[in-house]
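Note that these values count all heavy atoms, side chains included, but never hydrogens, waters or copies made by symmetry. Both counts, for ligands and for their atoms, begin at 1 and track the order of listing.
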Amino acid sequence: MQKFRGIFLKNDNELALMREANRLGSLILGAMCAEVRPGVATMRFEEIAQDMCRTFKVRPAFQGYYGFPYALCCSVNEEVVHGFPSATRVLAEGDIVSFDFGVVYEGFYGDSACTVGVGQVSEEAERLMRTTRESLMLGIAKARAGNSLNDVSAAIQGHAEQHGYAVIRRFVGHGIGRSLHEKPEIPNFVPTMAAPLPLKAGMVLAIEPMLALGTHEVEILGDNWTAVTKDRSLSAHFEYSVAVTAQGPEILGLPASAA
Ligand code: MG
Ligand code: MG
């Protein structure tokens, strides 16, 4: 595989496989979102993930990754990322729930995430989710050959902070391909002293802003995985895997009309 500054560039065949990995992952994510309602235990979404992976004959990307025990990361309210599905955590009206999910298809990874409201949520929660998704889409729009990675980060950070939200710094986006996490790291803020990395056609970037109502600081719970905001304020997370192409950014696995 061709490389630029240690970053794998995908050819057309590889992109086709990544499109399929992300299409299947997005389908499964969509099925989970459709089942969100008050009274559902979050383990239900793990079951959907496992069942659909069997149906599609794909492997869940996260299970076993550094020992992560589940197919799905399911994070409720102040949980930012890497929450465990649970048979006893029952969704309540007004909660927000983030699903982060990916599959491996023919050796290539897909990775995407979204946050949805449970029943009727507060205007504050709605606005946080909307702004997080908008930040993602603005970042994606900058994922063009000739731009630098800092343009992506700056677009996300600018939109988030303009709306008064904190950008989580502890976790970042990443390149993706034959591995779940490849170079480069994609912060949702512009790091001081960051040398600009030029974007090239063939890069595939998992861009994933995580925003919070309060502090950007997080702590990890006793399960050694679940990250929560330090002030327990609400947090939202959206992610797409995006190919940088000669024609511009392509969200993998989504029909163009759905973006
Ligand atoms: Mg993800
Ligand atoms: Mg990711």
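None of the N, O or S atoms belonging to Asp100 lies under 2.8 Å away from the Mg ion (ligand 2). Among the atoms of His181, no N, O or S atom falls under 2.8 Å of the Mg ion (ligand 2).
Taking the Mg ion (ligand 1) as reference, the nearest N/O/S atom within Glu239 carries the name OE1. For Glu208, the N, O or S atom closest to the Mg ion (ligand 2) goes by the atom name OE2. For Asp111, the N, O or S atom closest to the Mg ion (ligand 1) goes by the atom name OD1.
A salt bridge is defined here as a Lys NZ or Arg NE, NH1 or NH2 lying under 4.0 Å from an Asp or Glu carboxylate O, and Arg127 with Glu134 fails to meet this definition. Under a 4.0 Å N-O distance rule, the pair Arg37/Glu35 qualifies as a salt bridge.
The side-chain hydrogen bond (donor to acceptor under 3.5 Å, both in side chains) with His174 is formed by just one residue from the set Glu185, Glu208, Lys183; it is Glu208.
For the pair Ile48 and Phe99, the minimum side-chain heavy-atom distance is 4.5 Å or more.
Separation of atoms CD1 (Ile96) and CG (Leu234) is listed at 4.5 Å; rounding is to 0.5 Å.
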